[in-house]
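Just so we're on the same page: letters track the sequence lines, and every chain starts at 1.
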2 protein chains.
Amino acid sequence: MDATFKALADPTRRALLDRLLGKQGQTLTELVDGLGMRRQSVAKHLAILEGAGLVSCQWHGREKLHYLNTVPIAEISRRWLDRFSGQRAAAILNLRDALQENENE
Amino acid sequence: MDATFKALADPTRRALLDRLLGKQGQTLTELVDGLGMRRQSVAKHLAILEGAGLVSCQWHGREKLHYLNTVPIAEISRRWLDRFSGQRAAAILNLRDALQENENE
DNA sequence: TTGACATGCAACTATTTAGCTGCATAATAA
DNA sequence: TTATTATGCAGCTAAATAGTTGCATGTCAA
């Protein structure tokens with residue numbers, strides 16, 4: 001889970017996920033285009049995404065095709081974010097507001 | 001949004017959010033306890049969380065009370081994660097599996 | 001076979017980050 | 001007032017990170 005959060009922390013890596021969401025099975029060379037960065041840098045980012053399980057790869061001759069895997073994102077959403085954005089969090093926000101009201105008196 | 005992702009990338013900061021979810025309005029000194037780290041380090045983490053809008057603070061005498069703010073998390077969940085964990089992503093995963101099947105022939 | 005193409009591996013640099021120590025400031029309590 | 005407590009600010013170090021270049025390897029196509 002920590003690897004997933006760390007992987008998502010970089011804007012370049014989030015952009016890569018975005019592009020894979022738009023079109024699966026892209027090669028490294030294809031993904032480099034438009035990022036304003038060298039091939040090796042993008043390869044590093046993709047390796048981090050792969051290490052976090054966010055991207056799965058598949059060799060096809062000399063090309064390495066990259067596929068988005070959304071399972072880790074769904075895990076984060078389910079096991080972590082939901083606790084914060086759910087009803088309980090809203091209740092706590094209300095409590096905070098109540099405390100602030102109290103403070104302003 | 002980038003600030004939010006970066007703030008969530010650190011396990012100590014996620015732990016801080018967890019603890020604030022459990023009990024709002026804690027002081028810095030209170031939050032230091034159990035993290036195995038100096039007060040100033042925790043203060044830096046809290047400053048980053050505050051900078052990302054994930055924590056709001058309120059002075060009460062010499063004590064600075066910390067409150068969880070879930071809005072940025074909800075934003076991430078709504079504007080970013082939903083695109084990946086939704087039905088479209090599932091369809092793409094199926095497509096990926098289909099491609100892999102095809103590859104194995 | 002030869003040349004072009006796709007990728008990997010290794011080493012280097014600069015920047016950011018996480019933690020620390022030391023001192024200063026402000027508020028509470030005796 | 002004086003001592004204690006809560007926090008902030010500044011500076012330092014070590015480690016991690018993001019980017020680079022250069023070279024090696026393996027595949028496809030002529």
Asker: Mind jotting down which residue pairs meet the salt bridge (charged side-chain N to carboxylate O under 4.0 Å, His left out) criterion with at least one end in residues 17-34 of chain B? Sequence neighbours excluded, please.
Answerer: A:Arg83-B:Asp18, B:Lys23-B:Glu30
Asker: Atom CE of B:Met37 and atom P of C:dT17: how far apart are they, to the nearest Å?
Answerer: 16 Å
Asker: Along DNA chain D, 5' to 3', what are the outermost nucleotides having an atom less than 4.0 Å from a heavy atom of chain A?
Answerer: D:dT17 to D:dC28
Asker: For residues 4-16 of chain A, which side-chain donor-acceptor pairs fall under 3.5 Å, sequence neighbours excluded?
Answerer:
from	atom 1	to	atom 2	distance (Å)
A:Lys6	NZ	A:Asp2	OD2	3.0
A:Asp10	OD1	A:Thr12	N	2.8
A:Asp10	OD1	A:Thr12	OG1	3.4
A:Asp10	OD1	A:Arg13	N	3.3
A:Arg13	NE	A:Ala7	O	2.8
A:Arg13	NH1	A:His45	ND1	3.0
A:Arg13	NH2	A:Lys6	O	3.2
A:Arg14	NH1	A:Leu8	O	2.7
A:Arg14	NH1	A:Ala9	O	3.3
A:Arg14	NH2	B:Asp2	OD1	2.8

Asker: Does A:Gln24 use its side chain to pair, donor to acceptor, with the backbone of A:Leu68 at less than 3.5 Å?
Answerer: yes
Asker: Is there a residue in residues 7-14 of chain B whose heavy atoms reach under 4.0 Å of DNA chain C, and which residues are they?
Answerer: B:Asp10, B:Arg13
Asker: Would you kindly give the CZ-to-P distance between B:Arg38 and C:dC23, to the nearest whole Å?
Answerer: 15 Å
Asker: Can you name the nearest heavy-atom pair linking A:Asn69 to A:Gly53, along with the distance?
Answerer: ND2-O, 3.0 Å
Asker: Once side-chain hydrogen bond (donor to acceptor under 3.5 Å, both in side chains) is applied, do any residues pair with B:Gln40, and if so which ones, sequence neighbours excluded?
Answerer: none
Asker: Kindly give the atom pairs (protein nitrogen or oxygen, nucleotide nitrogen or oxygen) under 3.5 Å for nucleotides 7-10 of chain C.
Answerer:
from	atom 1	to	atom 2	distance (Å)
C:dT7	OP1	A:Leu28	N	3.2
C:dT7	OP1	A:Lys64	N	3.3
C:dT7	OP2	A:Thr29	N	2.8
C:dT7	OP2	A:Thr29	OG1	2.3
C:dT7	O4	A:Arg39	NH2	3.4
C:dG8	OP1	A:Lys64	NZ	2.9
C:dG8	N7	A:Arg39	NH1	3.2
C:dG8	O6	A:Arg39	NH2	3.0

Asker: Same hydrophobic cluster for B:Leu35 and B:Val55, using side-chain heavy-atom links shorter than 4.5 Å among ILVMFWY?
Answerer: yes
Asker: Can you name the residues that form a side chain to side chain contact (heavy atoms under 4.5 Å, CB included) with A:Ser41, not counting sequence neighbours?
Answerer: A:Met37, A:Arg38
Asker: Taking OP1 and OP2 of C:dG19, is either one under 4.0 Å from a side-chain nitrogen or oxygen of B:His45?
Answerer: yes
Asker: Quick one: list whatever passes salt bridge (Lys or Arg N to Asp or Glu O under 4.0 Å) with B:Lys64, sequence neighbours left out.
Answerer: B:Glu50
Asker: Return the set of residues passing side-chain hydrogen bond (donor to acceptor under 3.5 Å, both in side chains) with A:Arg78 (not counting sequence neighbours), or none when no residue passes.
Answerer: A:Glu75
Asker: The criterion is side chain to side chain contact (heavy atoms under 4.5 Å, CB included); which residues satisfy it with A:Arg39, sequence neighbours excluded?
Answerer: A:Leu28, A:Val32
